[in-house]
Structures are given as structure tokens and as C-alpha cells.
Amino acid sequence: MMIQRLAKWIVMPCAGLFLAFVWAGQREVTVFLVGDSTVANKPYRASNPEKGWGQVLPLYFDEGVRVENHALNGRSTKSFRNEGHWDKVKARVQRGDYVVIAFGHNDQKENSPERYADPEVEFPRQLKRYIAETRERGGIPVLSTPIMRRKFDVRGYLEETHGAYPEVVRNVASETGVALLDMHAQTRELLLEWGPERSKALFLHLMPGQYEALPNGAEDDTHLSGTGAFKICDLAVAEMKRCLPALAAHFKR
């Protein structure tokens, strides 16, 4: 579907809310991604099996949409802003662009004061600042809950590791009228479906000698393999199609 010649407001329901979206004339729409290592681009080089789901997202869109992935390893809502990364993104946002805000993994790290954002005050405050500043630029903010870590107990039950953070994201989305990609809920269902053994393929579970850069192998239940990046991106795209109808028109069939 071609982007409309004239700017036009479209109001659509999503998760009990009515959300307004702008079609941005004939200008190519940009989807900006800000977040942590689960989203970030990883180097395409020999012996690097790690990928982020945002890295493969551009492959899903037609020529009407471009993706700028500014997510970075180890960042939280707090450190991404304080290190100046958000200012660079904000300066590039134009009217009708989307900004997907996907944090939570590192905000919960109490032993890292430069990153820690408590779930009661600082984390929701930071999310609301990102939302307000995106709107000031004419952009469309989108919140994403953090993806589940793969942590099964000895009985095979999936354990929650993010505490209150996913629910805080949901609450902020509801309070501010922002579209929500509930990646936490979607990846939880995926991990339960795949189970303790099969789900290892989504993350960096590697045998010794499988990759030169990791001679001792790996057992990493947070960071994604290539398989995981594509599978998680499938879930992200499904969430975008559900909540962002104007953008959904630009996904490849």
C-alpha cells in the first residue's frame, strides 16, 4: 500500500485504547529502536553467533519504511540517556516516525548505579520522558516489555527474572495511551511451548569448539542466537501488526 499523498489521522483501537497514528505524506517513515542487547545490532563477522531481534527487523519491511537500530548492549533507560545516545536519536526523529522503546534487562541491576532505575519511581519516570520527548518531535512512541530470559528450574518450570519491570511498562503504556508490544508475554509463551531443551536454540547455548571466539562454548540465557533473533522478531512484527495498523501496511507479505 502506498503512503497517502496528504497527511491524515487514523484512529484505531488497541488493547482497549484508541490510538492516533499519522501517515507522513510521501516521506519514507523511519522506525527508530532504542533499547538493550536483546534488540541491538551485532557485528557480522566470523565466529560471532550473537544477534539482536532489531538487527533483522529491516528485512521484514517494504521500501516505504526504514529502520534505524540505536539499541546498545548493557544500556538501561537511565544510562542510554545519560551517555547522550538518546539526544542523537531524538534529533533525528521527524513527524510520523516511530520510536520503539525496549528496556528493562539492565534497569533492574541494583549493583550498577549508573544503570539502575528502580521500578517504583525512576523506571516509569524515564519511560514517560522518552514518550513525551518523542511526541514533542511529532514522533509516535511505542513501548516494549523486555523479552523473557530462558530460566527453567530443575522441575522444568519457567522462572520470572524481571520482577515488576514488565508490569511497569504495561502500566505506563496504559496511562499514556501508547501502543504496547508485549514481548515479555509473547516470549514467555514461546519458551513454554518450546520447553527447556528446544528453547536453547533461541539463545547462546554452544558446544566447545563450535565457534572460534568461544572455544569453551556458552550457556547464555539472555542473548539471542541467529535463530532466536528471527523468531523473536517474528513475535515483534506480529505485535506491531496488532497495534500499529498504519505501519502494518508496510510489512512484506
Please check this pair: side chain of [X] against backbone of [Y], looking for a donor-acceptor N/O pair closer than 3.5 Å.
{"X": "Arg66", "Y": "Val29", "result": "no"}
{"X": "Asp36", "Y": "Arg75", "result": "no"}
{"X": "Tyr165", "Y": "Asp107", "result": "yes"}

Phe251 and Phe61 aromatic centres sub-6.0 Å: yes

Any side-chain donor near an acceptor of the partner, [X] and [Y], under 3.5 Å:
{"X": "Gln94", "Y": "Arg137", "value": "no"}
{"X": "Glu160", "Y": "His184", "value": "yes"}
{"X": "Asp234", "Y": "Tyr60", "value": "yes"}
{"X": "Thr161", "Y": "Arg149", "value": "yes"}
{"X": "Glu197", "Y": "Ser199", "value": "no"}

Rounded to the nearest 0.5 Å, how far does [atom2] of [Y] lie from [atom1] of [X]?
{"X": "Leu158", "Y": "Leu190", "atom1": "CG", "atom2": "CG", "answer": "10.5 Å"}
{"X": "Lys78", "Y": "Tyr116", "atom1": "NZ", "atom2": "OH", "answer": "9.5 Å"}
{"X": "Glu136", "Y": "Arg129", "atom1": "CD", "atom2": "CZ", "answer": "10.5 Å"}
{"X": "Leu180", "Y": "Arg170", "atom1": "CG", "atom2": "CZ", "answer": "7.0 Å"}
{"X": "Ser37", "Y": "Leu224", "atom1": "OG", "atom2": "CG", "answer": "8.0 Å"}
{"X": "Ile101", "Y": "Leu33", "atom1": "CD1", "atom2": "CG", "answer": "10.5 Å"}

Sole candidate of Ile131, Val31, Leu244, Leu247 that passes side chain to side chain contact (heavy atoms under 4.5 Å, CB included) when paired with Val142: Leu244

Enclosure of [X] [atom1] (heavy-atom neighbours >12, cutoff 6.0 Å):
{"X": "Tyr157", "atom1": "OH", "value": "no"}
{"X": "Lys88", "atom1": "NZ", "value": "no"}
{"X": "Glu219", "atom1": "CD", "value": "no"}
{"X": "Glu212", "atom1": "CD", "value": "no"}

Worked verdict on His205 versus Asp221 for side chain to side chain donor-acceptor pair (under 3.5 Å): CA-CA 8 Å; His205 277 253; Asp221 292 315; 2.4 Å; yes

NZ or CZ of Arg81 within 45° of Tyr130 ring axis and under 6.0 Å: yes

Check against side chain to side chain contact (heavy atoms under 4.5 Å, CB included), Trp53 and Lys231: CA-CA 8 Å; Trp53 70 257; Lys231 188 62 180 178; over 6 Å; no

